[in-house]
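Read the structure below first, then the notes.
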Amino acid sequence: MGHRLRLRGAGAWLNDGLRSLYIQIFLSFLATCILFFGGLAVFWNYYFTDYFYKGKKELLTARTDEVVKMLPSYQEGTMSTRELRFGTRLISRSINGMVWLVDSKGTIMNGSSGAEGQKIPKAMDPMFIDGLQGNSSFASTQNPFDVQAKEGLLTYYTPAQINGSRSSSCSVFRLSKSARR
């Protein structure tokens, strides 16, 4: 009869609940699991992204070297413009991308696409300038041809010399959504 229902505030109940050894062990286990799986997800993403790009970079480098090896034959006249275009198209199909030979003014001289005589996209100007300065490198960018596209581009550019003038050779590999999975 002398029992009264004593109402306590939520803060007091929470404070008493966190003092329980069982709750403290449970929360520390939960935090450990969240940190472990978060770290595993970051490592997994880094490892497989690096693995994917490493293979594609090696492929682009090898195929661009093949294009550069064709240029002396073209300059000597033993290979026609048609044969050079055919060779670059074969190479571009092997990388599922595009191969361009760009002159010092940024105009596509020859390549695997029908864009000969056109200027390269403005988004690729920094890569082009770096290639003209004698550097080779990779760049991973959004698709400059279609802003609505959800795919990116992995570009490898390297200097080349055609008919005594410096130009840039560029291989572009399309990273589609299905390739990123």
Query raised in the report: Is there a donor-acceptor contact under 3.5 Å from the side chain of Lys69 to the main chain of Thr64?
Result: no
Name every donor-acceptor pair, under 3.5 Å, that has one atom in a side chain of residues 25-33 and the other anywhere in the protein, sequence neighbours excluded.
residue, atom, partner, partner atom, Å
Ser28, OG, Gln24, O, 3.3
Ser28, OG, Ile25, O, 2.9
Thr32, OG1, Ser28, O, 2.8

Query raised in the report: Crowded around Lys105 NZ? As in, over 12 foreign heavy atoms under 6.0 Å?
Result: no
Query raised in the report: Are Ile95 and Leu60 close enough that some pair of their side-chain heavy atoms sits under 4.5 Å apart?
Result: yes
Requested in this report: Can you measure from CE (Met127) to OH (Tyr156) and round to the nearest 0.5 angstrom?
Outcome: 14.0 Å
Query raised in the report: Under a 4.5 Å cut-off applied to non-hydrogen side-chain atoms, are Leu101 and Val67 in contact?
Result: yes
**Report entry** Pairwise distance CD(Gln118) to CD1(Ile108) - rounded to 0.5 angstrom
**Finding:** 6.5 Å
Query raised in the report: Side-chain contact, heavy-atom cut-off 4.5 Å: Glu83 with Ser80?
Result: yes
Query - Sub-4.5 Å side-chain heavy-atom contact between Asn45 and Tyr47 - result: no
Report summary line: Residues joined to Phe37 in its hydrophobic cluster, side chain to side chain under 4.5 Å directly or through other members, sorted by chain and number, are Phe36, Leu40
Query raised in the report: Rounded to the nearest 0.5 Å, what separation is found between the CD atom of Glu66 and the CG atom of Leu71?
Result: 12.5 Å
Query raised in the report: Mind checking whether Trp100 and Thr88 have side chains closer than 4.5 Å, heavy atoms only?
Result: no
Requested in this report: Spell out, as yes or no, whether a donor-acceptor pair under 3.5 Å connects the side chain of Glu58 to the backbone of Gly55.
Outcome: no
Query raised in the report: How long is the span from the OG atom in Ser137 to the NZ atom in Lys57, to the nearest 0.5 Å?
Result: 8.0 Å
**Report entry** Any side-chain heavy-atom pair of Leu84 and Met70 under 4.5 Å
**Finding:** yes
Query raised in the report: Ignoring hydrogens and geometry, is there a side-chain-to-backbone donor-acceptor pair from Thr78 to Ser73 under 3.5 Å?
Result: yes
Query raised in the report: Looking only at heavy atoms, which two atoms of Leu59 and Ser94 are closest? And how far apart?
Result: CD2-O, 4.1 Å
Requested in this report: Measure the acute angle between the ring planes of Phe48 and Trp44, then classify it against the limits of 30° and 60° as parallel, tilted or perpendicular.
Outcome: tilted
